[in-house]
Amino acid sequence: PAGNGSSSGFNLTYSVTVPVGVSAGASLVNTAGVRNFTGPTNSGTPFTYVPGNNIDPTLNPNTDPARDTSSIVTALPTINKTATTGFTGAGNNAANEATVGETISYTVTVGVRNDLTYYNASITDNLDAEKDLVAGTVTATFNGGPLPVGFSLNVNDATNRWNVAFPTPYTVPAGPDPQIVIMFDATVVDVASNTRGTSTSNRADFNFANIGGTNRNVNNSVTTRIVEPRIVLAKADDDPTGVVDAGQVVNYTVTATNDN
């Protein structure tokens with residue numbers, strides 16, 4: 001540490017190293033305080049002042065507190081979710097629209113910072129009744145390769161749910177921040193809530209705890225608009241007056257269009 005004193009104050013500069021393995025999203029509080037100081041008196045004997053709320057609890061205070069804190073926070077993980085249907089047509093945009101029976105392809109990307117530690121961590125997606133998880137489509141990679149030893153990908157097609165479970169505790173290795181990517185497909189189901197003009201959303205959650213057991217969550221959602229055909233019929237006859245005679249042949253034309 002280096003100090004610079006003057007009649008009006010004193011500056012003290014020092015450095016600390018954030019320990020490897022500290023929890024993600026942890027608040028690290030550093031407190032500085034004056035233990036005691038002296039002031040001149042007219043008796044020639046300096047008087048010792050002891051600030052209140054002292055950093056040394058064994059002392060008896062006799063003046064106002066002199067302490068302050070500074071907080072830093074370790075990085076939270078990031079999570080991003082995208083969706084596409086792979087089909088674009090009139091009234092159906094691949095990026096954000098789908099119709100009943102169409103398959104939506106989802107991608108979940110989670111980034112974790114190196115040297116931070118996660119406890120009871122898992123990435124989870126619970127699909128609602130508006131979509132059906134397509135069996136065999138869920139894949140998970142770690143930096144483009146297989147999940148490391150201790151990780152597991154768990155898929156339950158019957159409950160429309162998947163999750164990636166981390167070993168616990170898990171400390172992210174040193175080096176570039178890794179990414180975990182999960183990809184899966186879901187089919188838009190024919191239910192009452194999936195009608196033209198409504199939207200169906202899907203959310204992925206990353207749940208974890210710090211070393212003290214406090215649970216944390218980061219999540220991200222993506223929304224897909226439901227589109228459907230809107231069939232309109234128009235019918236016309238070929239009699240110009242609309243008044244016909246017995247035995248007259250009348251020709252009708254029925255026109256069906258998709259007004260979506």
Any donor-acceptor N/O pair, Thr117 side chain to Thr171 backbone, under 3.5 Å:
no
Parallel, tilted or perpendicular: which fits the ring planes of Phe206 and Phe208, with parallel below 30° and perpendicular above 60°?
tilted
Qualifying residues under salt bridge (charged side-chain N to carboxylate O under 4.0 Å, His left out), relative to Arg67, sequence neighbours excluded
none
Specify the closest pair of heavy atoms between Asp185 and Ser105, including all atoms of both residues, with the distance to one decimal.
OD1-OG, 2.8 Å
Apply ring-ring contact (aromatic ring centres under 6.0 Å, His included) to Tyr106 and list each qualifying residue two or more places apart in sequence or on a separate chain.
Phe184
Residues 128-141 vs salt bridge (charged side-chain N to carboxylate O under 4.0 Å, His left out), sequence neighbours excluded, gives Asp128-Lys131
Rounded to the nearest 0.5 Å, the CD1 atom of Ile72 sits from the OG atom of Ser27 at a distance of 8.5 Å
Identify, with sequence neighbours excluded, every residue that meets ring-ring contact (aromatic ring centres under 6.0 Å, His included) alongside Tyr119.
none
Roughly how far, to the nearest 0.5 Å, is the OG1 atom of Thr74 from the CG atom of Asn210?
9.0 Å
Hey, which of Asn80, Val112, Thr109, Val110 is the one that makes side-chain contact (heavy atoms from CB on, under 4.5 Å) with Gln179?
Thr109
Do the side chains of Val222 and Thr82 get nearer than 4.5 Å, heavy atoms only?
no
Any donor-acceptor pair under 3.5 Å linking the side chain of Thr141 with the backbone of Gly145?
no
Salt bridge (charged side-chain N to carboxylate O under 4.0 Å, His left out): which pairs involve residues 247-256, sequence neighbours left out?
none
Before accepting this row, confirm whether a basic side-chain N of the pair Arg203/Asp205 lies closer than 4.0 Å to the acidic partner's carboxylate O.
yes
Sequence neighbours left out, what pairs pass ring-ring contact (aromatic ring centres under 6.0 Å, His included) with at least one residue falling in residues 209-237?
none
Intermediate values then yes/no, side-chain hydrogen bond (donor to acceptor under 3.5 Å, both in side chains), Thr13 and Asn11:
CA-CA 7 Å; Thr13 301; Asn11 296 326; over 6 Å; no
Does Tyr118 share a hydrophobic cluster with Val181, counting links as ILVMFWY side-chain heavy atoms below 4.5 Å and allowing steps through other members?
no
Would you check if Val108 and Trp162 make a side-chain contact, meaning some heavy-atom pair closer than 4.5 Å?
yes
Identify the heavy atoms of Asp239 and Asp237 that sit nearest to each other, and give their distance.
N-OD1, 3.0 Å
A side-chain contact here means heavy atoms from C-beta on lying under 4.5 Å apart; do Asn54 and Pro61 qualify?
no
Residues clustered with Val20, ILVMFWY side-chain links under 4.5 angstrom:
none
Within this structure, what is the OG1-CG distance for the pair Thr223 and Asn96, rounded to the nearest 0.5 Å?
10.0 Å
Applying ring-ring contact (aromatic ring centres under 6.0 Å, His included), which residue pairs with at least one partner in residues 220-242 are found, sequence neighbours left out?
none
Measure the shortest side-chain to side-chain distance between Leu147 and Val164 over non-hydrogen atoms and say whether it is less than 4.5 angstrom.
yes
Which pair of non-hydrogen atoms, one from Val134 and one from Thr137, has the smallest distance, and what is that distance?
O-OG1, 2.7 Å
Donor-acceptor side-chain pairing of Ser221 and Asn219 below 3.5 angstrom
no
Between Thr38 and Pro46, is there a donor-acceptor pair closer than 3.5 Å when you use the side chain of the first and the backbone of the second?
no
Count the heavy atoms of every other residue, nucleotide or ligand shown that sit under 6.0 Å from CD1 of Ile211, and state whether that count exceeds 12.
no
Quick one: hydrophobic cluster around Leu59, which other residues, with the 4.5 Å side-chain cut-off, linked directly or via members?
Val50
Determine the minimum heavy-atom distance between Leu127 and Ala186, stating which atoms define it.
CD2-CB, 3.5 Å
Do the non-hydrogen side-chain atoms of Phe166 and Ser122 ever get within less than 4.5 Å of each other?
no
Under the side-chain contact (heavy atoms from CB on, under 4.5 Å) criterion, do Val172 and Asp115 qualify, and how do the steps go?
CA-CA 5 Å; Val172 182; Asp115 291 332; over 6 Å; no
Would you say the side chains of Tyr14 and Asn30 form a donor-acceptor pair under 3.5 Å?
yes
Residue set satisfying side chain to side chain contact (heavy atoms under 4.5 Å, CB included) with Thr17, at least two apart, ordered chain then number -> none
Side chains of Thr107 and Met183, heavy atoms from C-beta outward: is any pair under 4.5 Å?
yes
Where do Asn194 and Thr200 land on the side-chain contact (heavy atoms from CB on, under 4.5 Å) test, with the steps shown first?
CA-CA 7 Å; Asn194 281 339; Thr200 183; 4.1 Å; yes
Begin with the C-alpha distance, continue with both residues' side-chain angles, and end with the deciding distance and a verdict on side-chain contact (heavy atoms from CB on, under 4.5 Å) for Val73 and Leu28.
CA-CA 6 Å; Val73 180; Leu28 306 177; over 6 Å; no
Going by atom types alone, do Thr85 and Glu102 pair a side-chain donor with an acceptor below 3.5 Å?
yes
Not counting sequence neighbours, list each pair that qualifies as a salt bridge (charged side-chain N to carboxylate O under 4.0 Å, His left out) and has a residue in residues 11-24.
none
Would you check if Pro178 and Phe142 make a side-chain contact, meaning some heavy-atom pair closer than 4.5 Å?
yes
May I ask you to list the residues sharing a hydrophobic cluster with Phe37, side-chain cutoff 4.5 Å, ordered by chain and number?
Val34, Phe47, Tyr49
Any sub-3.5 Å donor-acceptor pair from Asp245's side-chain atoms to Gln248's backbone N or O?
no
Any donor-acceptor N or O pair under 3.5 Å, side chains Asn156, Arg161:
no
To the nearest 0.5 Å, tell me how far Ser23 OG sits from Leu116 CG.
8.5 Å
Begin from the C-alpha positions of Ile180 and Phe151 and carry the test side-chain contact (heavy atoms from CB on, under 4.5 Å) through to its verdict.
CA-CA 11 Å; Ile180 302 162; Phe151 282 73; 4.2 Å; yes
Path from Leu133 to Val189 over hydrophobic side-chain contacts below 4.5 Å:
no
If you round to the nearest 0.5 Å, how far is OG1 of Thr253 from CG of Asp238?
7.0 Å
Considering all heavy atoms, the nearest Ala174-Asn114 contact
CA-CB, 4.1 Å
Any side-chain heavy atom of Val188 sitting closer than 4.5 Å to one from Ile104?
yes
Mark yes when over 12 heavy atoms from residues, nucleotides or ligands other than Asn60 sit less than 6.0 Å from its CG; otherwise mark no.
no
What one should report as the nearest heavy-atom pair of Leu76 and Gly25 is CD2-CA, 3.6 Å
